[in-house]
Amino acid sequence: MATIKPFKGLRPPREIAEDLACLPYDVMNSEEATRMAEGKENSLLHITRAEIDCPEGTDVHSEEVYNKSVENFKKFQDKGWLKQDENDKYYIYAQTMDGRTQYGIVGAAACNDYHDGVIKKHELTRPDKEEDRMILTRYLNANIEPVFFSYKAVPEIDKIVASIVKNKNPEYSFVAEDGFGHQFWTINENGVNQQIEELFATKVAATYVADGHHRTAAAARIGLEKKAQNPNHTGDESYNYFMAVHFPDDQLAIIDYNRVVKDLNGLSKEQLVEKLSAGFEVEKIGSEIYKPTKLHEMSMYLAGDWYKLTAREGTYDDNDPIGVLDVTILSSQVLEPILDIQDLRTSKRIDFVGGIRGLEELKKRVDRGEMKVAFALFPVSMQQLIDIADSGNIMPPKTTWFEPKLRSGLVIHKLD
């Protein structure tokens, strides 16, 4: 069962929370981070992307940048922009997009749960990205940014959350520049905090990494590292846990994650369409954007026209958690045999576009000539993600896109 503890959060005062909170470090480059932090001396980007306060061209992985992060983190605390709560507690973090709100419990997940498989993953991680987050965590001795977890919904937890949201004013409430709403409550009653801890320990058999696989892996490794360095280790130290926002699965929606390819592997438009007909029923739609409406249906944009592609029976296996995925079908029927893209992780001929950008973005990239063909996919479901994680399988790269992204800075977990 899942071990999720309350903790003494390090948080901003209410009046600066909106300015301090920022998008996760990995959804922007240095130039974008600089623009986002412009005019905001208390933006958390000065800690998570501290290269913006270093000379232009500074290596983002240099010791200079990590030291600047430490300097800025101390400054934020000295100036009172971040203050630590006196007592251990859980927090509720709500996000609203397109009229839909999801409510997550912010708590400290156990590193041992990750090593023991209670925290389940569905993606592979890259060692270099893990190492970068480990280094920053070592320097700061804190989980600066939360990871995004899910769990199978528990009615008793839902009831507690609903009561707090209905009867208490949020600590923070704002609409970010992207139009998404963010609200945040503190749970100050000891009895309620104890009840939540017990419910997770008795009702939640596993939690699932939705977004933040690298941060999760890095945090769990830091826990092991600090344990090895402490001859008086007891298991109760803060470093045995890391910060995560836990959302019930029935409140989450995954959006599509699409593909664009730079060339047709020497084929003409007509030859590609002909080859596709072996694995798909191909229907030419025309210039109007076509969005897939169900599983095993995808769309393609090629030379000014949209096509509806319906996978033929025999090209997928609905009884296989991986074989049922449309990303698997696209790879096995199109990308590998026709376009000769054998490894999605290393190929320079393919790129990935999150569905938040819309299918218009696919059309633009092809029309500009930087790409030759685009494929839009029907999104994976939460149940598919859970089935894959439970079976111990790994999804193909760039399969899931969760939105809204968690704002960093509403609460921080210190490791001392």
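The chain is numbered in sequence order, starting from 1.
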K.L.:
Is there a side-chain contact between V260 and I350, using heavy atoms and a 4.5 Å cut-off?
P.N.:
no
K.L.:
Is the closest side-chain heavy-atom distance between L410 and Y91 below 4.5 Å?
P.N.:
no
K.L.:
In terms of the angle between their ring planes, are F148 and F247 parallel, tilted or perpendicular, with boundaries placed at 30° and 60°?
P.N.:
tilted
K.L.:
Taking atom types as modelled and ignoring hydrogens, do the side chains of R138 and Y66 form a donor-acceptor contact shorter than 3.5 angstrom?
P.N.:
no
K.L.:
Run the numbers on Q195 and Y90 for side chain to side chain donor-acceptor pair (under 3.5 Å), then give the verdict.
P.N.:
CA-CA 11 Å; Q195 188 178 4; Y90 293 102; over 6 Å; no
K.L.:
H296 and Y316: side-chain donor and acceptor closer than 3.5 Å?
P.N.:
no
K.L.:
Using the six-membered ring wherever Trp is involved, compare the ring planes of F7 and H413 and label them parallel, tilted or perpendicular (cut-offs 30° and 60°).
P.N.:
perpendicular
K.L.:
A quick test of your reading: do over 12 heavy atoms of other residues, nucleotides or ligands sit less than 6.0 Å from CD of E370?
P.N.:
yes
K.L.:
Carefully, step by step, assess E336 and S332 under the rule side chain to side chain donor-acceptor pair (under 3.5 Å).
P.N.:
CA-CA 6 Å; E336 293 171 10; S332 65; over 6 Å; no
K.L.:
Going from CD1 on I52 to CD on E31, what distance comes out if it is rounded to the nearest 0.5 angstrom?
P.N.:
11.5 Å
K.L.:
Could you work out, with ring pair (Phe, Tyr, Trp, His ring centres under 6.0 Å) as the rule, every residue matching Y257, not counting sequence neighbours?
P.N.:
W401
K.L.:
Starting from the C-alpha separation in whole Å, work towards a yes-or-no answer on side chain to side chain contact (heavy atoms under 4.5 Å, CB included) for N141 and K414.
P.N.:
CA-CA 6 Å; N141 204 31; K414 298 185 79 171; over 6 Å; no
K.L.:
Any chance you could lay out the side chain to side chain donor-acceptor pair (under 3.5 Å) test for Y301 and D367, step after step, and finish with the verdict?
P.N.:
CA-CA 10 Å; Y301 183 66; D367 288 347; 2.7 Å; yes
K.L.:
Locate the shortest heavy-atom distance separating T234 from E237; write the atom from each residue and the value.
P.N.:
N-OE2, 2.8 Å
K.L.:
Donor-acceptor pair, S43 side chain versus K40 backbone, under 3.5 Å?
P.N.:
no
K.L.:
For S381 and Q384, indicate whether the former's side chain and the latter's backbone hold a donor-acceptor pair under 3.5 Å.
P.N.:
yes
K.L.:
Does K269 NZ have over 12 foreign heavy atoms under 6.0 Å away?
P.N.:
yes
K.L.:
Do S150 side-chain atoms and A210 backbone N/O form a donor-acceptor pair below 3.5 Å?
P.N.:
no
K.L.:
Is the side chain of S347 donor-acceptor paired with the backbone N or O of L344 at a distance under 3.5 Å, no angle test?
P.N.:
no
K.L.:
For Q251, is there any backbone N or O sitting under 3.5 Å from a side-chain donor or acceptor partner on R100?
P.N.:
yes
K.L.:
On the 0 to 90° scale, with breaks at 30° and 60°, tag the F242-F149 ring pair as parallel, tilted or perpendicular.
P.N.:
perpendicular
K.L.:
When you compare the side chains of E197 and N193, does any donor N or O come within less than 3.5 Å of an acceptor on the partner?
P.N.:
no
K.L.:
List the residues meeting side chain to side chain contact (heavy atoms under 4.5 Å, CB included) with T48, not counting sequence neighbours, and say none if there are none.
P.N.:
C22, Y25, L44, L45, I144, E145
K.L.:
Show, in sequence, the C-alpha distance, side-chain angles and deciding distance for E71 and K68, and conclude whether the salt bridge (Lys or Arg N to Asp or Glu O under 4.0 Å) test is met.
P.N.:
CA-CA 5 Å; E71 177 187 328; K68 178 59 73 171; 3.3 Å; yes
K.L.:
I'd like to know if D88 and K8 make a salt bridge, using a cut-off of under 4.0 Å between side-chain N and carboxylate O.
P.N.:
yes
K.L.:
With a 4.0 Å cut-off, would you call K405 and D178 a salt bridge?
P.N.:
no
K.L.:
Considering all heavy atoms of both residues, which atom of P379 and which atom of I254 are nearest to each other, and what is their separation?
P.N.:
CB-O, 3.3 Å
K.L.:
May I ask you to say whether E403 pairs ionically with R357, meaning some side-chain N is under 4.0 Å from a carboxylate O?
P.N.:
no
K.L.:
Can you establish whether the number of heavy atoms outside E189 located under 6.0 Å from its atom CD is more than 12?
P.N.:
yes
K.L.:
Would you say the side-chain atoms of D387 pair up with the backbone N or O of P321, donor to acceptor, closer than 3.5 Å?
P.N.:
no
K.L.:
Answer yes if the side chains of Y208 and D390 hold a donor-acceptor pair under 3.5 Å, and no otherwise.
P.N.:
yes
K.L.:
Quick one: do K291 and D256 make a salt bridge, cutoff under 4.0 Å?
P.N.:
yes
K.L.:
So, N72 versus H46: side-chain donor-acceptor pair below 3.5 Å or not?
P.N.:
no
K.L.:
With D351, which of K398, R259, K262, R365 fulfils side chain to side chain donor-acceptor pair (under 3.5 Å)?
P.N.:
R365
K.L.:
Take atom CD in E63; do more than 12 heavy atoms of anything else shown fall under 6.0 Å from it?
P.N.:
no
K.L.:
Take W306 and Y290 through the test ring pair (Phe, Tyr, Trp, His ring centres under 6.0 Å) and record every step on the way to the result.
P.N.:
CA-CA 6 Å; W306 287 88; Y290 183 77; 8.2 Å; no
K.L.:
Distance check, rounded to the nearest 0.5 Å: M28 atom CE versus R35 atom CZ?
P.N.:
11.0 Å
K.L.:
Test side chain to side chain contact (heavy atoms under 4.5 Å, CB included) on V70 and Y139 and set out the steps.
P.N.:
CA-CA 6 Å; V70 174; Y139 272 77; 3.6 Å; yes
K.L.:
So if I apply the side chain to side chain donor-acceptor pair (under 3.5 Å) rule between Y239 and each of K226, H233, Q229, which one comes out positive?
P.N.:
H233
K.L.:
Applying side chain to side chain contact (heavy atoms under 4.5 Å, CB included) to L272 and I338, what does each step give before you reach the verdict?
P.N.:
CA-CA 8 Å; L272 174 60; I338 299 176; 3.7 Å; yes
K.L.:
Verify, without hydrogens or angle tests, whether E32 (side chain) and N29 (backbone) share a donor-acceptor contact under 3.5 angstrom.
P.N.:
yes
K.L.:
Side chain to side chain contact (heavy atoms under 4.5 Å, CB included) for V334 and L276? Distances and angles first, verdict last.
P.N.:
CA-CA 7 Å; V334 183; L276 287 173; 3.5 Å; yes
K.L.:
Would E51 and S30 count as a side chain to side chain donor-acceptor pair (under 3.5 Å) if you check the C-alpha gap in whole Å, the side-chain angles of each, and the deciding distance to 0.1 Å?
P.N.:
CA-CA 7 Å; E51 72 271 14; S30 299; 2.8 Å; yes
K.L.:
Without swapping roles, check the side chain of D317 against the backbone of G323 for a donor-acceptor pair under 3.5 Å.
P.N.:
no
K.L.:
If only side-chain N and O atoms count, and only distance matters, is there a donor-acceptor pair under 3.5 Å linking D26 with H214?
P.N.:
no
K.L.:
Got Y151 and P248 here, is their nearest side-chain heavy-atom distance under 4.5 Å?
P.N.:
yes
K.L.:
Rounded at 0.5 Å granularity, tell me how far OG1 in T216 sits from CZ in R221.
P.N.:
13.0 Å
K.L.:
So does T34 get a backbone contact from the side chain of E38, meaning a donor-acceptor N/O pair under 3.5 Å?
P.N.:
no
K.L.:
Is it true that, when you exclude N169 itself, more than 12 heavy atoms of the residues, nucleotides or ligands shown sit nearer than 6.0 Å to its CG?
P.N.:
no
K.L.:
Heavy atoms only: give me the nearest L359-P292 pair and the separation to one decimal.
P.N.:
CD1-CD, 4.5 Å
K.L.:
For K168, look at atom NZ and say whether over 12 heavy atoms of other residues, nucleotides or ligands are found less than 6.0 Å away.
P.N.:
yes
K.L.:
Kindly give the heavy-atom pair with the smallest separation between L252 and Q102, and that separation in Å.
P.N.:
CD2-OE1, 3.3 Å
K.L.:
Using a 6.0 Å cut-off, check whether atom CD of E56 has over 12 heavy atoms from anything other than its own residue.
P.N.:
no
K.L.:
If only atom types and distance count, is the side chain of R407 paired as donor or acceptor with the main-chain N or O of P24 below 3.5 Å?
P.N.:
no
